[in-house]
Amino acid sequence: MEKVTIIIPVYNSERYIERCLDSIRNESYKNIEVIALNDGSKDKSLKLLKDYKKKYKDFNLKIIDKENEGIAKTRNRGIEEATGDYIMFMDNDDYIDKDYVKHFMNAKDKETDIVIGGYKRVSDDKILREDTLHTNSPWSKYLIITPWSKLYRRKFLKDNNIKFLSYGIGEDVYFNLFAYQKTSNIKIIEYSEYNWYYNDKSVSNTKHKGLNKDIDITYLLDNLNSKSKEKDIYYKYFIYRFCIWYLLYSGRYSNKEAFINEYERLKKYLISIDCYKVLSPFSSKLKGETFKNRFIVFAFKIISKLKLIKLFAKFYCRGE
């Protein structure tokens with residue numbers, strides 16, 4: 001039975017880490033190595049990890065205590081330490097159903113480098129959303145760009161030196177798009193038993209307070225482009241959509257002048273990398289894309305085409 005390494009960055013997760021580990025311990029696929037990397041937690045996370053290891057001696061849990069370096073460097077350390085044939089990632093407040101790993105391992109064949117599945121967005125008392133992927137749609141691999149809900153062949157990651165980019169934005173985007181450029185041996189499955197917990201205090205749910213002058217999204221994209229082979233229509237659309245998301249998400253708490261300047265800069269950049277004239281947001285090729293996402297991209301394209309960005313920024317931006 002091939003070994004699977006599950007990498008879990010842990011930061012101030014005393015409320016959730018035991019539930020996360022319990023879900024792995026109850027998994028039906030048993031040849032699992034868990035690497036929990038305590039990334040400088042200030043709460044009782046490290047103590048709970050040590051207590052868990054002591055309590056469940058037959059559970060293959062490796063604990064690494066390290067200074068705080070952020071999630072990208074922490075995951076990269078996990079990849080270095082992994083001994084499994086395959087690698088999976090989990091966030092410390094999430095949990096999996098009992099046949100999760102087994103299902104991914106059964107789906108792959110000896111040539112598969114990446115298996116991609118869906119997920120459930122959950123709160124304490126209900127399922128908020130369930131995203132299941134279409135197996136016959138090339139767009140599906142771009143719908144869930146997180147490292148969790150995926151299985152990676154470790155040799156594939158190591159041979160291609162695929163690592164997370166330690167930067168202020170887009171480490172998941174960089175990692176997966178880099179990986180997608182290095183292989184066509186990707187399998188998509190209609191399976192969504194990863195439980196992504198809605199924690200309103202997590203880093204991913206905190207708001208960007210304006211456009212950060214120390215974060216340049218083009219640095220991320222330049223690093224990606226340097227590793228990319230020929231870009232297909234789905235890659236180009238994703239990059240375009242990602243830039244709109246960045247503008248809307250970070251620009252919400254910026255002043256209108258900063259928003260307009262960033263819009264103009266990114267527009268020129270997207271044109272320069274041939275990612276400006278892309279698929280229509282309502283293209284049938286984007287199978288599985290939500291109507292909300294389609295509409296946001298469409299509306300932004302119309303605002304841009306009609307040269308109404310300044311008017312839009314006046315009402316949209318909340319920064320001083």
**Residues Tyr197 and Asp94: side-chain donor-acceptor under 3.5 angstrom** = no
**Message:** Is it the case that the side chain of Asn160 and the backbone of Ile162 share a donor-acceptor pair, with hydrogens and angles ignored and the cut-off at 3.5 Å?
**Reply:** no
**Prompt:** Any donor-acceptor pair under 3.5 Å linking the side chain of Asn195 with the backbone of Tyr95?
**Reply:** yes
**Name of the residue among Asn12, Asn68, Asn92 meeting side chain to side chain donor-acceptor pair (under 3.5 Å) with Asp39** = Asn68
**Asked** Out of Lys182, Lys155, Arg153, which one pairs with Asp113 under the side chain to side chain contact (heavy atoms under 4.5 Å, CB included) rule?
**Response** Arg153
**Prompt:** Which heavy-atom pair separates Phe259 from Cys317 by the least distance, and what is that distance?
**Reply:** CB-SG, 3.5 Å
**Message:** I need the minimum non-hydrogen distance between Tyr194 and Met90, along with the two atoms involved.
**Reply:** OH-CA, 3.6 Å
**Asked** Is there a donor-acceptor pair under 3.5 Å between the side chain of Tyr52 and the backbone N or O of Asp22?
**Response** yes
**Prompt:** Any donor and acceptor pair, going by atom type alone, linking the side chain of Arg154 with main-chain N or O of Val4 inside 3.5 Å?
**Reply:** no
**Asked** Which heavy atom in Ser140 sits nearest to a heavy atom in His134, and how many Å separate them?
**Response** OG-O, 2.7 Å
**Message:** Would you say Asp222 and Tyr269 are linked by a side-chain donor-acceptor pair, where the criterion is simply a distance under 3.5 Å?
**Reply:** yes
**Message:** Could you check whether any side-chain N or O of Tyr263 sits under 3.5 Å from a backbone N or O of Ala258, counting only pairs where one atom can act as donor and the other as acceptor?
**Reply:** no
**Message:** Please tell me whether Thr83 and Glu33 have a donor and an acceptor in their side chains that are separated by less than 3.5 angstrom.
**Reply:** yes
**Asked** Just by distance, do the side chain of Lys150 and the backbone of Thr146 share a donor-acceptor pair under 3.5 Å?
**Response** yes
**Side chains of Thr74 and Asn76, donor plus acceptor under 3.5 Å** = no
**Prompt:** So, Tyr191 versus Thr132: side-chain donor-acceptor pair below 3.5 Å or not?
**Reply:** no
**Asked** Would Arg241 and Glu289 pass as an ion pair if we require N to O under 4.0 Å?
**Response** yes
**Asked** Does one side chain, of Ser226 or Asn223, offer a donor that lies under 3.5 Å from an acceptor on the other?
**Response** no
**Fill in**
Looking only at heavy atoms, the pair that brings Lys287 and Trp139 closest together is O-CD1, 3.6 Å
**Complete:** Taking every heavy atom of Lys231 against every heavy atom of Lys236, the minimum-distance pair comes out as O-CE, 3.7 Å
**Message:** Tell me if a side-chain donor or acceptor on Tyr100 pairs with a main-chain N or O of Ser149 at a distance below 3.5 Å.
**Reply:** yes
**Request:** Run the numbers on Tyr152 and Tyr86 for ring pair (Phe, Tyr, Trp, His ring centres under 6.0 Å), then give the verdict.
**Result:** CA-CA 6 Å; Tyr152 304 89; Tyr86 292 87; over 10 Å; no
**Message:** Quick check for you: to the nearest 0.5 Å, what is the distance between Leu311 atom CG and Lys256 atom NZ?
**Reply:** 9.5 Å
**Asked** Does the side chain of Ser45 pick up a donor-acceptor pair with the side chain of Glu14 at under 3.5 Å?
**Response** no
**Prompt:** Do the charged groups of Arg77 and Glu81 touch, with an N to O distance under 4.0 Å?
**Reply:** yes
**Message:** Main chain of Lys285, side chain of Ser283: is a donor-acceptor contact present, judged purely on distance under 3.5 Å?
**Reply:** yes
**Item:** Sole candidate of Phe104, Trp196, Phe89, Phe175 that passes ring pair (Phe, Tyr, Trp, His ring centres under 6.0 Å) when paired with Trp148
**Value:** Trp196
**Asked** Thinking salt bridges, do Glu2 and Lys108 make one under a 4.0 Å N-O criterion?
**Response** yes
**Prompt:** Under 30°, 30 to 60°, or over 60°: which ring-plane class applies to Phe298 and Phe295, parallel, tilted or perpendicular?
**Reply:** tilted
**Message:** Check this for me: does any side-chain nitrogen of one of Lys120 and Glu193 sit under 4.0 Å from a carboxylate oxygen of the other?
**Reply:** yes
**Lys/Arg N to Asp/Glu carboxylate O, Arg129 vs Asp131, below 4.0 Å** = yes
**Request:** Answer yes or no: are there more than 12 heavy-atom neighbours, outside Lys102 itself, under 6.0 Å from its atom NZ?
**Result:** no
**Prompt:** Nearest 0.5 Å, what's the OG-NE2 distance between Ser192 and His103?
**Reply:** 9.5 Å
**Prompt:** Would you call Glu262 and Arg265 a salt bridge, using N to O less than 4.0 angstrom?
**Reply:** yes
**Prompt:** Minimum heavy-atom separation for Leu270 to Cys243, with atom names?
**Reply:** CD2-SG, 3.8 Å
**Request:** With rounding to the nearest 0.5 Å, note down the distance linking CD1 in Ile303 to CD1 in Ile309.
**Result:** 6.0 Å
**Message:** Please check this pair: side chain of Ser23 against backbone of Cys20, looking for a donor-acceptor N/O pair closer than 3.5 Å.
**Reply:** yes
**Message:** Does either side chain, that of Ser28 or that of Asp99, offer a donor lying less than 3.5 Å from an acceptor on the other one?
**Reply:** yes
**Prompt:** Counting only heavy atoms not in Lys66, do more than 12 fall under 6.0 Å of its NZ?
**Reply:** yes
**Request:** Taking only Lys NZ, Arg NE, NH1 and NH2, and the carboxylate oxygens of Asp or Glu, determine whether Glu27 and Lys30 approach each other closer than 4.0 Å.
**Result:** no
**Message:** Closer than 4.0 angstrom, basic N to acidic O: yes or no for Asp172 and Arg75?
**Reply:** yes
**Prompt:** Between Tyr180 and Tyr142, is a ring pair (Phe, Tyr, Trp, His ring centres under 6.0 Å) present by the stated rule, with each step listed?
**Reply:** CA-CA 10 Å; Tyr180 295 167; Tyr142 294 100; 5.8 Å; yes
**Prompt:** If Ile, Leu, Val, Met, Phe, Trp and Tyr residues are connected whenever their side-chain heavy atoms lie under 4.5 Å apart, and connections chain through other members, are Leu46 and Ile71 in the same group?
**Reply:** no
**Request:** Validate the cation-pi geometry between Arg121 and Tyr198: distance from NZ or CZ to the six-membered ring centre under 6.0 Å, angle to the ring axis within 45°.
**Result:** no
**Prompt:** Does a sphere of radius 6.0 Å around NZ in Lys98 hold more than 12 heavy atoms from other residues, nucleotides or ligands, not counting ones at 6.0 Å or beyond?
**Reply:** no
**Heavy atoms of other groups near Lys73 NZ, more than 12 under 6.0 Å** = no
**Fill in**
To the nearest 0.5 Å, atom OH of Tyr246 lies from atom CG of Leu220 at 10.5 Å
